[in-house]
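Only this structure's heavy atoms are used, side chains among them; waters, hydrogens and symmetry mates stay out.
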Amino acid sequence: MKYFLMLLIGLTLSSERSHAQDNFCGIKNTSFKAGESFTLKVFYNLGSMFVGAGEAVINCTLEKYNGKDAYHIVGDGRTYRTYDWIFKVRDRYETYIDTATMLPIRFIRNVNEGGYKIYNNVGFNRETASATSTNGTFKVPPCVQDVISAIFYARNIDFSKYKPGDKIPFSMFLDDEVYEIYIRYMGKEEVDTRYGKFRAIKFKPLLIKGNTFKGGEDMSVWVSDDANKIPLRIDSPISVGSIKVDMINYANLRYDLTSLVKKR
């Protein structure tokens, strides 16, 4: 289950390595605030039932970074101890986002997945259009995102400007590569989760074909159809079985969760 935390959040997606386009510029933050947190629980299905395998907790604080106001967002993903004997995961992702531009300043990835370990510390230099990681310096598009900043940036998309089937492209830097990303907007519908029933916005990311995913647009993601746009549900087949991810807890949202129709 490589890229465990990204799987939980629903953004292990890409079409191909390429010179990415600058389609993710100019949005202001209107959806979240410092102090927000939410928890996502992953369920794994190998047969006829879903079993809880792990959780990801995402927290946002406001800090100073190199003299700039920055959102410091930390995502911790881990399998439950009862699942560790099958595949133990302890992942931590951090990003510092400039509050003025909503672009990442620094991204830190520290993962341990079944004994497979990666540490990468990336600083973004907008003046030179480069990213300097633990492994070297790389050219990047001016509006490139990291995997966590992209999620919080995407929460500010005005989906009323799109019609079902439209693609929303952006660029992302991960593992010293620039990826050209898109999500396909699918429209609005109600979704029934383990937290409750919600009015939701649905989209499909394009998945990387690999050991875990078959590729294509098989993953579905639902976010709350209100001003917060927090992740609610992720469904996806994987190489063996399928996964379902639900939001199970939240705190200090910027707005009331008005999309909640009925709580369980």
Side-chain angles (χ1 to χ4, degrees), residues 5-6 8-11 13 19-40 56-77 91-111 118-158 168-181 183 223 227-231 250-255:
L5 181 59
M6 288 186 290
L8 292 179
I9 300 170
L11 278 172
L13 42 109
H19 296 290
Q21 301 173 13
D22 302 333
N23 294 302
F24 231 42
C25 296
I27 286 181
K28 301 296 183 182
N29 176 30
T30 60
S31 67
F32 66 91
K33 67 176 182 178
E36 178 192 87
S37 69
F38 55 89
T39 303
L40 302 168
V57 180
I58 296 90
N59 293 288
C60 175
T61 58
L62 183 64
E63 300 179 13
K64 288 286 187 180
Y65 193 93
N66 289 340
K68 295 182 178 180
D69 288 333
Y71 295 115
H72 182 199
I73 299 168
V74 178
D76 287 301
D91 286 358
R92 185 177 180 89
Y93 290 77
E94 298 181 60
T95 188
Y96 291 84
I97 302 172
D98 187 332
T99 60
T101 64
M102 287 296 291
L103 296 174
I105 305 169
R106 181 159 298 277
F107 172 67
I108 303 168
R109 181 178 178 217
N110 190 1
V111 305
I118 291 179
Y119 177 81
N120 202 359
N121 191 323
V122 182
F124 294 94
N125 188 323
R126 301 297 165 180
E127 293 181 0
T128 61
S130 64
T132 300
S133 76
T134 304
N135 306 307
T137 298
F138 307 87
K139 297 296 291 184
V140 297
C143 296
V144 72
Q145 297 283 334
D146 63 55
V147 69
I148 300 296
S149 69
I151 296 162
F152 281 76
Y153 199 103
R155 287 175 61 187
N156 292 282
I157 292 173
D158 182 0
I168 305 171
F170 59 98
S171 56
M172 186 174 75
F173 185 77
L174 178 67
D175 292 342
D176 302 334
E177 296 281 355
V178 173
Y179 289 88
E180 190 170 311
I181 305 297
I183 59 176
V223 299
N228 301 290
K229 296 190 184 75
I230 62 169
Y250 68 87
N252 300 317
L253 298 183
R254 184 167 179 174
Y255 308 98

Quick one: [atom1] on [X] to [atom2] on [Y], what's the gap to the nearest 0.5 Å?
X: L62; Y: I97; atom1: CG; atom2: CD1; value: 11.5 Å
X: Y179; Y: M172; atom1: OH; atom2: CE; value: 7.5 Å
X: I148; Y: I108; atom1: CD1; atom2: CD1; value: 12.0 Å
X: D175; Y: S133; atom1: CG; atom2: OG; value: 9.5 Å
X: Y93; Y: N110; atom1: OH; atom2: CG; value: 9.5 Å
X: Q145; Y: T95; atom1: CD; atom2: OG1; value: 8.0 Å

With [X] via salt bridge (charged side-chain N to carboxylate O under 4.0 Å, His left out) - residues at least two apart:
X: K139; value: none
X: R155; value: E36
X: D176; value: none
X: K28; value: none

Does this structure show an ion pair linking R109 with D146, if we count only N-O contacts that are shorter than 4.0 Å?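 Judged by the 4.0 Å cut-off on N to carboxylate O distance, R109 and D146 do not form a salt bridge.
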Residues in side chain to side chain donor-acceptor pair (under 3.5 Å) contact with S37, at least two apart in sequence or another chain: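 For S37, no residue satisfies side chain to side chain donor-acceptor pair (under 3.5 Å) once neighbours in sequence are set aside.
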With sequence neighbours excluded, tell me which residues meet side chain to side chain donor-acceptor pair (under 3.5 Å) with T101.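 Once residues adjacent in sequence are excluded, T101 has no partner under the side chain to side chain donor-acceptor pair (under 3.5 Å) criterion.
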Of all residues at least two apart in sequence or in a different chain, which pass the side-chain contact (heavy atoms from CB on, under 4.5 Å) check with [X]?
X: N29; result: S31, F32, Y71, M102, N156, R254
X: T132; result: T137
X: N66; result: none
X: A131; result: V122, F124, V140, F173

Smallest separation among heavy atoms of [X] and [Y], with atom names:
X: S149; Y: P104; result: OG-CG, 3.6 Å
X: P231; Y: V223; result: CA-CG1, 4.0 Å
X: T134; Y: N120; result: N-OD1, 3.1 Å
X: Y153; Y: G26; result: OH-N, 3.0 Å
X: I157; Y: K229; result: O-CE, 3.2 Å

side-chain contact (heavy atoms from CB on, under 4.5 Å) evaluation trace for I73 with I58: CA-CA 7 Å; I73 299 168; I58 296 90; 3.8 Å; yes
Is the number of heavy atoms from other residues, nucleotides or ligands within 6.0 Å of NZ (K33) greater than 12?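 Yes - once you tally the heavy atoms of other residues, nucleotides and ligands closer than 6.0 Å, there are more than 12.
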A side-chain contact here means heavy atoms from C-beta on lying under 4.5 Å apart; do V74 and R92 qualify?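 Side chain of V74 against side chain of R92, heavy atoms only: contact under 4.5 Å found.
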With side chains defined as the heavy atoms from C-beta onward, is the minimum distance between V147 and F107 less than 4.5 Å?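 Yes. Closest side-chain heavy atoms under 4.5 Å.
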Taking only residues two or more places apart in sequence or in another chain, which ones pass ring-ring contact (aromatic ring centres under 6.0 Å, His included) with Y119?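 Residues passing ring-ring contact (aromatic ring centres under 6.0 Å, His included) with Y119: none at all.
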Do the side chain of N252 and the main chain of G35 share a donor and acceptor less than 3.5 angstrom apart?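 Indeed, once roles are kept as given, a pair shorter than 3.5 Å links the two residues.
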Salt bridge (Lys or Arg N to Asp or Glu O under 4.0 Å) contacts touching residues 122-135 (sequence neighbours left out):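 Counting only pairs at least two positions apart or across chains, no salt bridge (Lys or Arg N to Asp or Glu O under 4.0 Å) contact touches residues 122-135.
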From the options R106, K64, E94, select the one residue that forms a side-chain hydrogen bond (donor to acceptor under 3.5 Å, both in side chains) with H72.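 Of all the options given, the one that passes is E94.
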